[in-house]
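This report refers to the structure that appears directly beneath it.
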Amino acid sequence: MSAISILIFLLVGAVIGWKFFPERWNKLNINIQLAATLVLIFSMGVSLGSRPDFIYEIANMGLRSLVFSVLAIVGSILVVYPLTKKYLEDPDWKEGREE
Amino acid sequence: MIIAAVICLLLGIVCGQFFFVPKMVELFSMVADYALIVLMFSVGISVGENKVLFRKMREYNVRVMVIPAGIVVGSLLGGIVGSLVLQMPLRESLCIASGMGWYSLSGVLLTDLVGAEIGTIAFLSNILREILTFLLIPVLAKYLNPYTAVAPAGATSSDTSLSILMKYTNEEVAMMAVINGLLCTALIPVLINSLFTLLS
């Protein structure tokens with residue numbers, strides 16, 4: 001499926017949620033999300049497990065995953081910390097925005 | 001949820017490796033396409049119907065964007081460094097880092113867009129992000145500031161990490177964490193799809 005069609009389904013859903021979706025169906029919607037997610041994760045596993053060299057690839061993937069998670073966390077902290085120091089901890093700025 | 005997700009992934013791997021014939025694998029690839037349509041539509045509904053999000057965003061003004069904007073930029077910088085360190089294509093690396101803790105969606109989206117290997121790295125790295133977040137929140141709240149404790153949580157700050165954030169920070173940060181989580185949740189599919197299309 002193309003990236004654009006995925007975005008279109010997301011957008012159509014958002015418009016329906018904003019304008020027409022009854023609140024009493026929220027629980028059903030959450031359960032549908034959960035079921036679709038689990039089906040997708042299982043399918044991802046099937047697609048991964050069907051690769052002939054899968055066993056050899058998994059160790060390599062684990063290490064790369066760890067590197068990405070650590071770098072994304074470190075990057076987020078390094079950018080968020082100075083921003084919060086400047087914009088959220090500074091009382092003058094805070095008062096100025098809230099007036 | 002995290003346990004159910006890992007069990008499903010392991011079951012899928014075992015079935016794909018030992019039990020399913022190629023036709024079955026093909027069938028599940030088709031099923032995944034339809035499940036992804038349902039998921040995207042349903043996530044869209046969740047974001048659209050959340051009136052509290054829009055009300056609180058008006059209340060907090062532009063301040064509410066500080067944390068999510070920092071998380072997005074920081075995660076993408078992490079993706080760029082990851083691409084250089086691991087010698088992986090920039091597009092895939094940025095998409096993996098854009099998962100911001102939402103392991104199920106980033107994993108399945110990237111499996112669909114790129115392939116099972118990148119999808120699995122996205123899945124695992126974002127599960128690890130969630131686990132590491134639990135360990136980091138108390139440390140960041142104590143040694144940096146309570147707002148920064150939201151940074152590692154990314155999209156999980158409005159659900160799985162929220163209880164820990166509430167324990168180690170305060171009400172104001174908890175409210176910002178909820179808004180941050182909802183904004184990141186809405187942004188992740190847009191970011192992954194946009195980066196994938198723009199860098200193709």
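Just so we're on the same page: letters track the sequence lines, and every chain starts at 1. Quick caveat: nothing in here was measured; it's all calculated off a predicted structure.
Looking at B/M100, there are no atoms closer than 4.5 Å to chain A (heavy atoms on both sides), in backbone or side chain. Looking at B/I96, the atoms closer than 4.5 Å to chain A (heavy atoms on both sides) all sit in the side chain, from C-beta outward. Contacts between B/M88 and chain A at a heavy-atom distance below 4.5 Å involve the side chain alone, from C-beta outward. Contact annotation for B/L77: only side-chain heavy atoms (C-beta onward) come within less than 4.5 Å of a heavy atom of chain A. Interface remark: B/L136 contributes side-chain atoms only to the contact with chain A (heavy atom separation under 4.5 Å). Neither the backbone nor the side chain of B/I131 comes within contact range of chain A; no heavy atoms are under 4.5 Å apart. Heavy atoms of A/F21 lying under 4.5 Å from chain B belong exclusively to its side chain. Interface residue B/L109: only side-chain heavy atoms are found under 4.5 Å from chain A. Residue contact with chain A, scored on non-hydrogen atoms closer than 4.5 Å, is absent for B/E130. When heavy atoms are compared at a cutoff of 4.5 Å, B/S46 approaches chain A by way of both its backbone and its side chain. With a 4.5 Å cut-off on non-hydrogen atoms, A/L10 touches chain B through its backbone and its side chain both.
Side-chain heavy atoms closer than 4.5 Å link hydrophobic residues (I, L, V, M, F, W, Y) into clusters, and following such links, even through other members, never connects B/M175 to B/L140. Hydrophobic clustering, with ILVMFWY side chains joined whenever heavy atoms are under 4.5 angstrom apart, groups A/M61 together with B/V85. With hydrophobic clusters built from ILVMFWY side chains whose heavy atoms lie under 4.5 angstrom apart, B/L27 shares a cluster with B/V108. By the criterion of side-chain heavy atoms lying less than 4.5 angstrom apart, applied directly or through intervening Ile, Leu, Val, Met, Phe, Trp or Tyr residues, B/L198 is not grouped with B/I192; the two fall into different hydrophobic clusters. Transitive grouping of hydrophobic side chains (ILVMFWY, heavy atoms separated by less than 4.5 Å) keeps B/Y168 and B/L135 in distinct clusters.
In this structure the side chain of B/V31 reaches within 4.5 angstrom of the side chain of A/V39, judged on heavy atoms. In this structure the side chain of A/S47 never reaches within 4.5 angstrom of the side chain of B/E117, judged on heavy atoms. Side-chain contact check for A/S69 versus B/N126: every heavy-atom pair is 4.5 Å or farther apart. Between B/V66 and A/K86 there is no side-chain heavy-atom pair separated by less than 4.5 Å. Within the 4.5 Å cutoff, side-chain heavy atoms of B/L144 are placed close to those of A/I77. For the pair A/I16/B/F41, a side-chain contact is recorded, criterion being any heavy-atom separation below 4.5 Å from C-beta on. B/C15 has its side chain within reach of A/F42: a pair of non-hydrogen atoms, C-beta onward, lies under 4.5 Å apart. The side-chain heavy atoms of A/L88 and B/I67, taken from C-beta on, include a pair separated by under 4.5 Å.
Ranked by heavy-atom pairs shorter than 4.5 Å toward chain A, the options B/V73, B/V14, B/V190, B/V43 are led by B/V43. Interface remark: of the candidates B/V81, B/V38, B/L10, B/V81 forms the most heavy-atom pairs closer than 4.5 Å to chain A. In terms of non-hydrogen atom pairs under 4.5 Å with chain A, the most contact-rich of B/V150, B/T148, B/V25 is B/T148. Highest contact tally toward chain A, considering only B/T120, B/I121, B/T111, is held by B/I121 [criterion: heavy-atom pairs under 4.5 Å]. Contact count versus chain B (heavy atoms, under 4.5 Å) is highest, among A/A35, A/A36, A/S50, A/G49, for A/G49. Ranked by non-hydrogen atom pairs under 4.5 Å with chain B, the options A/L63, A/V70, A/L83 are led by A/L83. Ranked by heavy-atom pairs under 4.5 Å with chain A, the list B/A69, B/G16, B/G78 is led by B/G16. For the options A/V74, A/N26, A/I32, A/L78, heavy-atom pairs under 4.5 Å to chain B are most numerous at A/N26. Between chain B and the residues A/V80, A/I73, A/L40, the largest count of heavy-atom pairs under 4.5 Å involves A/L40.
Aromatic pair A/Y81/B/Y147: centroids not less than 6.0 angstrom apart.
Between the CG atom of B/L128 and the CG atom of A/L66 there is a distance of 6.0 Å, given to the nearest 0.5 Å. Note that CG of B/L86 is 9.0 Å distant from CG of A/N60, once rounded to the nearest 0.5 Å. Taking CG from A/L38 and CG from B/L11, the interatomic distance works out to 11.0 Å, rounded to the nearest 0.5 Å. Going from atom CD1 of B/I118 over to atom CZ of A/R64 covers 6.5 Å, rounded to the nearest 0.5 Å.
Counting only N and O atoms by type, the side chains of B/S104 and A/T37 include no donor and acceptor under 3.5 Å apart. Between the side chains of A/T84 and B/R63, no donor N or O sits under 3.5 Å from an acceptor N or O.
For the pairing with A/I41, the side chain to side chain contact (heavy atoms under 4.5 Å, CB included) check across B/V6, B/L9, B/I7 returns one residue only, B/L9.
Between the side chain of B/S42 and the backbone N or O of A/N29, at least one donor-acceptor pair lies under 3.5 Å. Here the side chain of A/Q33 pairs no donor or acceptor atom with the backbone of B/L39 at under 3.5 angstrom.
Remark: B/E49 does not engage A/K19 in a salt bridge, criterion side-chain N to carboxylate O under 4.0 Å.
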Legend entry - Step-by-step side-chain hydrogen bond (donor to acceptor under 3.5 Å, both in side chains) determination, B/R129 to A/S76: CA-CA 11 Å; B/R129 180 167 182 161; A/S76 299; 3.1 Å; yes
Inset, instruction - In sequence, state the C-alpha distance, the side-chain angles, and the governing distance for B/S93 and A/F68, and then conclude on side-chain contact (heavy atoms from CB on, under 4.5 Å). - result: CA-CA 8 Å; B/S93 303; A/F68 273 114; 3.5 Å; yes
